[in-house]
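Everything on this sheet refers to the single structure shown next.
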Amino acid sequence: MTLIKSISGIRGTIGGKVGDNLTPVDAVKFASAYGTFLKNNTQKEKLTIVIGRDARISGPMIHNLVVNTLIGLGINVIDLGLSTTPTVEIAVPLEKADGGIILTASHNPKQWNALKLLNQKGEFLSGAEGAKILEIAEAEAFDFSDVDNLGEITVNDAYMDIHIDEVLNLPLVDVQAVKDAKFKVVVDGVNSSGGVVIPKLLEQMGVEVVKLYCEPNGHFPHNPEPLKEHLTDISELVVKENAHLGIVVDPDVDRLAFISEDGEMFGEEYTLVACADYVLSKTPGNTVSNMSSSRALRDVTKAHNGNYEASAVGEVNVVELMKKNNAIIGGEGNGGIIYPESHYGRDSLVGVALFLTHLANKKMSVSALRASYPEYYMSKNKIELTPQIDVDAILVAMTDKYKNEDIATIDGVKIDFAEEWVHLRKSNTEPIIRIYTEASSQQKADVLALRIIDEIKIIAGI
């Protein structure tokens, strides 16, 4: 099965059979369900939905299907065309729209696409709302409009520029300081919309830009997930160009990674740490990340006399806890920055602007900035189990085994030891337990992971 229906939307591979992949029929069906859900929950006569897409090859096809489905439901569409996830998120409230759809499979390879669904605040839907949309889709409970009540399309291709202006106007973004620093930056836009919007942002901040894979044609030159093993080209180019740093985003521009001037990874986990360090130094407050993110954010927050909290994995959960704890910055260890001063969504443009301001103020190299933070290393593993094995029972047994440690069970089982931690989560789609560990060295993180894996195998009898 390469069609994944979840509370956050629907994603799948293009082509194949209906119900097994993201076919045109499936795109229409789930766009219909989303539009119907919004219509069922309002007294308004005419709804408006904002739509944008990344540069995937299948983007124009899925885009046309979704837009015209909404028109058929009598819903007006504001069409941003080529865009980013955070751009659509800020456009929804600015347009006083009732929802938004970003057509992107985020960091998945080019065969994939997806419908990411937003509420009227430009934030991802809650679990309950997502479940309701899946019910509507399953029942095919759609009622389309007659010819006199079809929706209308308004094209607005200015929103990436509006988004840049919004970022540059944030009080903690110091454009002059960045201009004075005369940075030279290599940008890997993985041939999607980030290749358009990130260089534009940098140029307006007075940065010299060297473009790598910035043609938005959807032909990803490497695996689009911004991990070290996929980023050898930019690492080499940063050194060759004698650049101050490299910037990498995923296809929909909500994940952000930096390359130090020596070609080494700054570390995806440390994108949020650095941005939070800067924000907390100017506006003291609290932070939130998910349970699988580095302890370094906790340490930096405490150093600024703030309170750190960990949420269940998933952007919706991070945002919910951020609101509850009045966090001034938060996000996920995958390079996702959520800065409420802008909006409650992961935003690489905001992350770039805050990071460069921080770097300009610090007057140090990227590698020196990285060395100034607590040193943690992660190990990410998984155990594949047979469908007959009771994953929940294994997690309960592990909780009991470590009951004298600091344990959280809001999302799988997280065991906090004094110097290290392990987070165990079951997959929603396959019989797998994910095992994330973190320690003060890579060896310690790997050793802890192997120990936990052995203990799980003994419990499972495998």
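In this chain, numbering begins with 1 at the start of the sequence shown. The structure displayed is predicted, hence computed values, not measured ones.
Side chains of Tyr377 and Glu375: a donor-acceptor N/O pair is present below 3.5 angstrom, by distance only. A donor atom on one side chain and an acceptor atom on the other are not found under 3.5 Å apart for Thr154 and Asn156. Ser342 and Glu166 share a donor-acceptor pair across their side chains, judged by distance under 3.5 Å alone.
Counting heavy-atom neighbours within 6.0 Å of Lys363 NZ, excluding the residue itself, gives a total of 12 or less.
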Per-pair distances, 0.1 Å, donor-acceptor, side chain in residues 408-416, under 3.5 Å, sequence neighbours excluded:
{"unit_1": "Asp411", "atom_1": "OD1", "unit_2": "Arg425", "atom_2": "NE", "d": "3.2"}
{"unit_1": "Asp411", "atom_1": "OD2", "unit_2": "Val313", "atom_2": "N", "d": "2.7"}
{"unit_1": "Asp411", "atom_1": "OD2", "unit_2": "Arg425", "atom_2": "NE", "d": "3.2"}
{"unit_1": "Lys414", "atom_1": "NZ", "unit_2": "Met291", "atom_2": "O", "d": "2.9"}
{"unit_1": "Asp416", "atom_1": "OD1", "unit_2": "Arg295", "atom_2": "NH2", "d": "2.8"}

Exercise answer: donor-acceptor pairs, residues 243-254 side-chain atoms, under 3.5 Å, sequence neighbours excluded:
{"unit_1": "His244", "atom_1": "ND1", "unit_2": "Lys184", "atom_2": "N", "d": "2.9"}
{"unit_1": "Asp250", "atom_1": "OD1", "unit_2": "Val253", "atom_2": "N", "d": "3.1"}
{"unit_1": "Asp250", "atom_1": "OD1", "unit_2": "Asp254", "atom_2": "N", "d": "3.1"}
{"unit_1": "Asp250", "atom_1": "OD1", "unit_2": "Arg255", "atom_2": "N", "d": "3.1"}
{"unit_1": "Asp250", "atom_1": "OD2", "unit_2": "Ser106", "atom_2": "OG", "d": "3.2"}
{"unit_1": "Asp252", "atom_1": "OD1", "unit_2": "Ser106", "atom_2": "OG", "d": "3.3"}
{"unit_1": "Asp252", "atom_1": "OD2", "unit_2": "Thr85", "atom_2": "OG1", "d": "2.5"}
{"unit_1": "Asp252", "atom_1": "OD2", "unit_2": "Lys116", "atom_2": "NZ", "d": "2.9"}
{"unit_1": "Asp254", "atom_1": "OD2", "unit_2": "Lys116", "atom_2": "NZ", "d": "3.4"}
{"unit_1": "Asp254", "atom_1": "OD2", "unit_2": "Arg346", "atom_2": "NH2", "d": "2.9"}

Go through it in stages, so that I can follow the logic: the residues are Glu320 and Ser311, the test is side-chain hydrogen bond (donor to acceptor under 3.5 Å, both in side chains), and I'd like the CA-CA distance, side-chain angles, deciding distance and then a yes or no. CA-CA 9 Å; Glu320 186 181 340; Ser311 77; over 6 Å; no
Would His107 and Asn334 count as a side-chain hydrogen bond (donor to acceptor under 3.5 Å, both in side chains) if you check the C-alpha gap in whole Å, the side-chain angles of each, and the deciding distance to 0.1 Å? CA-CA 11 Å; His107 62 271; Asn334 60 12; over 6 Å; no
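Using a cutoff of 4.0 Å between basic side-chain nitrogens and carboxylate oxygens, Lys200 and Glu203 are not scored as salt-bridged.
Using a distance-only test at 3.5 Å, with no hydrogens or angles considered, no donor-acceptor pair links the side chain of Thr48 to the main chain of Ala97. Side-chain atoms of Asp98 never come within 3.5 Å of backbone atoms of Leu47 as a donor-acceptor pair (strictly under, hydrogens ignored). A donor-acceptor pair is defined here as one N or O able to donate and one able to accept, closer than 3.5 Å; no such pair exists between the side chain of Asn21 and the backbone of Thr23. Checked by atom type and distance alone, the side chain of Ser193 never pairs as donor or acceptor with a backbone atom of Asp54 at under 3.5 Å. A distance-only check finds a donor-acceptor pair linking the side chain of Glu261 to the backbone of Ser367 [under 3.5 Å]. Between the side chain of Lys211 and the main chain of Val187, no donor-acceptor pair closer than 3.5 Å is present. Within the 3.5 Å criterion, the main-chain N or O of Ala327 finds no donor-acceptor partner in the side chain of Asn325.
Applying the ring-ring contact (aromatic ring centres under 6.0 Å, His included) rule to Phe417 yields the partners Tyr402; only residues at least two apart in sequence or on another chain are considered. Partners of Tyr278 by ring-ring contact (aromatic ring centres under 6.0 Å, His included), not counting sequence neighbours, listed by chain and number: His358. Taking the side-chain contact (heavy atoms from CB on, under 4.5 Å) definition, one finds that Gln111 meets it with Thr13, Pro109, sequence neighbours left out.
Across Ile432 and Lys382, no two heavy atoms sit closer than the pair CG2-CB, 3.8 Å. Of all non-hydrogen atoms in Leu22 and Asn113, the two that sit nearest each other are CD2-O, 3.3 Å. Shown here for Leu297 and Ala276, the closest heavy-atom pair between the two residues is CD1-CB, 3.5 Å.
Residues Asp277 and His304 have side chains in contact (heavy-atom distance under 4.5 Å, counting atoms from C-beta outward).
Rounded to the nearest 0.5 angstrom, Leu256 CG and Leu349 CG are separated by 9.5 Å. The distance from atom CG of Leu359 to atom CZ of Phe183, rounded to the nearest 0.5 Å, is 4.0 Å. Taking CG from Leu201 and OG from Ser348, the interatomic distance works out to 10.5 Å, rounded to the nearest 0.5 Å. Here the CG-NZ distance, from Leu354 to Lys282, works out to 12.0 Å after rounding to the nearest 0.5 Å.
Contacts classified as ring pair (Phe, Tyr, Trp, His ring centres under 6.0 Å) and involving residues 315-345 (residues at least two apart or in different chains) are not found.
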